[in-house]
Amino acid sequence: MNGGLLVAGTTSDAGKSVVTAGICRWLVRQGVKVAPFKAQNMSLNSFVTREGAEIGRAQAMQAQACRVEPTAHMNPVLLKPGGERSSQVVLLGRPVGEMSARGYHGGRQERLLGTVLDSLAELRASYDAVICEGAGSPAEINLRRTDIVNMGIARGAGLPVLVVGDIDRGGVFASFFGTVALLAPEDQALVAGFLVNKFRGDVSLLEPGLEMLHGLTGRHTYGVLPFQHGLGIDEEDGLRVSLRGTVRESVVAPPVGEDVLRVAVCAVPLMSNFTDVDALAAEPGVVVRFVDRPEELADADLVIVPGTRGTVRALQWLRERGLAEAIVRRVAERRPVLGVCGGFQLLGEHIEDEVESRAGHVDGLGLLPVRVRFAREKTLTRPVGEALGERVEGYEIHHGVAEVTGGEAFISDDKGHSLDGCRVGQTWGTHWHGSLESDGFRRAFLREVAAAAGRRFVPAPDTSFAALREEQLDRLGDLIEHHADTDALWRLIESGAPQGLPFIPPGAPA
């Protein structure tokens, strides 16, 4: 096989990321060497590859579905929103500047088509198949001229297109038909068919509609995937704890100790890498929720201030909403608080920022002996260290450079030298995303939190976060294997879109 496929969607959040990961896992179980690809991703939820490149976490998870290491070629363009109208542009894993939406779509995006096609060609030369994910809808006719992630990449690389629709939202037949009918003839020729996602009930009741859809469009439906809770992989954006639903349904064992542990995560603006708390939600007896009011911190055993693309803006938001005052009171009462990345920085004494917010000198919350200066170069690393007597791995994505002037080291090397972060009493801070995915460290940290909170909580001794992720990906592969027409899907990936697909008027300009 030397094939490819573009998984597009009738809307954002139709299930493209999940379907792409499921197809990848199904293929790799058939012995196919497969890689994921998303030409352009807009997300604050990112990951660092082993070579130090920043890509979307969804593509990193899809690489795990393929059982391969993620690379920058799998997500050559990443847009990290910094506000309503501007984003940081990350090209082949490295930031190249801030750009307004108008500036990006007004010329820069179109010039990147060659770059993304080169990345796709690089992957196709190394793998048997590349499963590509689109973004939003391929029928965004206002953006078609500069498109590099949907039909632009499909036409540029000759990829067949499978359109996914979320039937749980309603209107899926109109969405399928309208998506095709708003594409230019050359684009329509690549749209091979449809995949229904999140169906509830008796499939036989849906079949007359699928037959009529085939009659209207000349295109087959490649499968009807049933609605299943907890199937999300690492989200691009949102406030969902992507593994929490899965764990709550698949792990029925009660808490090991007598008490549960309540974790409140401050839902700061431009929150990044909110999946850091997924590993906590995977623990039986740990209840994780996102909060935006000070009274919601009252019964929390642990408060987390997560990463953010706007540290100074998040700090102002915490103050405006009364959350900053509530956090300061918690610290005075020696109740546990954890700051991660931007959340760590704003817990410090002051911030010098001429890069992200350009606000200059800003006073922090003064809860940790840390001074932060924003550097123009972004730190992108995959460090390894020790904390609380356990090995810990993570990844760093930040412009802020922290000078720690006191407290205890949080994460150290094997000789005891500080690597990152600090701790004062029950207040902790670190730049390392993903550290709580290290099982031994997570258990040790939760034991400290429980002791400080006076909770008779005991971490489960056998929770493996990596194993839970693998179970999740296998469930996605099972979904494709059991509910999609895999023979037809295989032919589509291997041979491309069927010839002679009819044109559906009115179409759109080429």
Side-chain angles (χ1 to χ4, degrees), residues 45-48 57 60-61 64 233-235 239-244 246-248 251 255-256 260-266 268 271-290 300-308 336-344 347 381-398 410-412 419-423 426-453 455 457-470 472:
N45 203 18
S46 58
F47 184 73
V48 180
R57 271 199 69 99
M61 182 67 86
Q64 186 174 346
I233 61 172
D234 285 14
E235 304 289 344
L239 292 183
R240 282 176 290 186
V241 184
S242 62
L243 277 181
R244 181 167 56 188
T246 300
V247 171
R248 288 295 178 263
V251 179
V256 175
V260 299
L261 210 60
R262 295 173 175 84
V263 179
V265 184
C266 297
V268 297
M271 181 165 32
S272 61
N273 290 76
F274 49 86
T275 47
D276 284 338
V277 299
D278 281 356
L280 294 179
E283 286 284 349
V286 176
V287 179
V288 179
R289 66 182 187 272
F290 290 92
D301 302 306
L302 169 66
V303 169
I304 296 179
V305 187
T308 171
V337 174
L338 170 66
V340 180
C341 200
F344 165 42
L347 294 180
T381 63
R382 289 270 294 273
V384 178
E386 293 182 1
L388 304 179
E390 299 286 349
R391 175 185 168 87
V392 57
E393 299 181 33
Y395 56 98
E396 296 185 60
I397 307 171
H398 55 91
F410 189 0
I411 303 175
S412 306
L419 289 178
D420 179 76
C422 72
R423 172 188 183 179
Q426 296 304 320
T427 305
W428 318 64
T430 177
H431 275 125
W432 291 20
H433 294 292
S435 62
L436 292 167
E437 295 178 18
S438 298
D439 296 330
F441 166 70
R442 182 180 66 255
R443 293 183 194 116
F445 178 68
L446 289 176
R447 282 193 290 270
E448 291 251 357
V449 168
R455 297 289 185 188
F457 168 85
V458 178
D462 55 355
T463 300
S464 168
F465 189 69
L468 286 170
R469 283 193 183 277
E470 278 297 302
Q472 179 92 326

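FYI, side chains are in, hydrogens and waters are out, and symmetry mates aren't considered; it's all heavy atoms of this structure.
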Item to check | Stepwise side chain to side chain contact (heavy atoms under 4.5 Å, CB included) check, L261 with L302 | outcome: CA-CA 8 Å; L261 210 60; L302 169 66; 5.9 Å; no
Item to check | Test side chain to side chain contact (heavy atoms under 4.5 Å, CB included) applied to V449 and F457, step by step | outcome: CA-CA 9 Å; V449 168; F457 168 85; over 6 Å; no
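In terms of the side chain to side chain contact (heavy atoms under 4.5 Å, CB included) criterion, residue partners of A453 (sequence neighbours excluded) are, by chain and number, D301, R455. In this structure R443 satisfies the salt bridge (charged side-chain N to carboxylate O under 4.0 Å, His left out) test with no other residue, sequence neighbours excluded. Contacts of S438 classified as side chain to side chain contact (heavy atoms under 4.5 Å, CB included), with partners at least two apart in sequence or in another chain: V392, E393, F441. Considering only residues two or more places apart in sequence or on other chains, C422 meets the side chain to side chain contact (heavy atoms under 4.5 Å, CB included) condition with F344, L368, P369, V370, V404. By the side chain to side chain contact (heavy atoms under 4.5 Å, CB included) test, A466 pairs with S464, sequence neighbours left out. Taking the salt bridge (charged side-chain N to carboxylate O under 4.0 Å, His left out) definition, one finds that E470 meets it with R25, sequence neighbours left out. Contacts of W428 classified as side chain to side chain donor-acceptor pair (under 3.5 Å), with partners at least two apart in sequence or in another chain: none. Partners of F47 under the ring-ring contact (aromatic ring centres under 6.0 Å, His included) rule, at least two apart in sequence or in another chain, are Y395.
No side-chain heavy atom of P459 sits less than 4.5 Å from a side-chain heavy atom of V256. Side-chain contact between L280 and L446 is present, with at least one heavy-atom pair separated by less than 4.5 Å. Using a 4.5 Å cut-off on side-chain heavy atoms (C-beta onward), F274 and V265 make no contact.
Considering D439, L468, V286 in turn, L468 is the only one that fulfils the side chain to side chain contact (heavy atoms under 4.5 Å, CB included) rule with T463.
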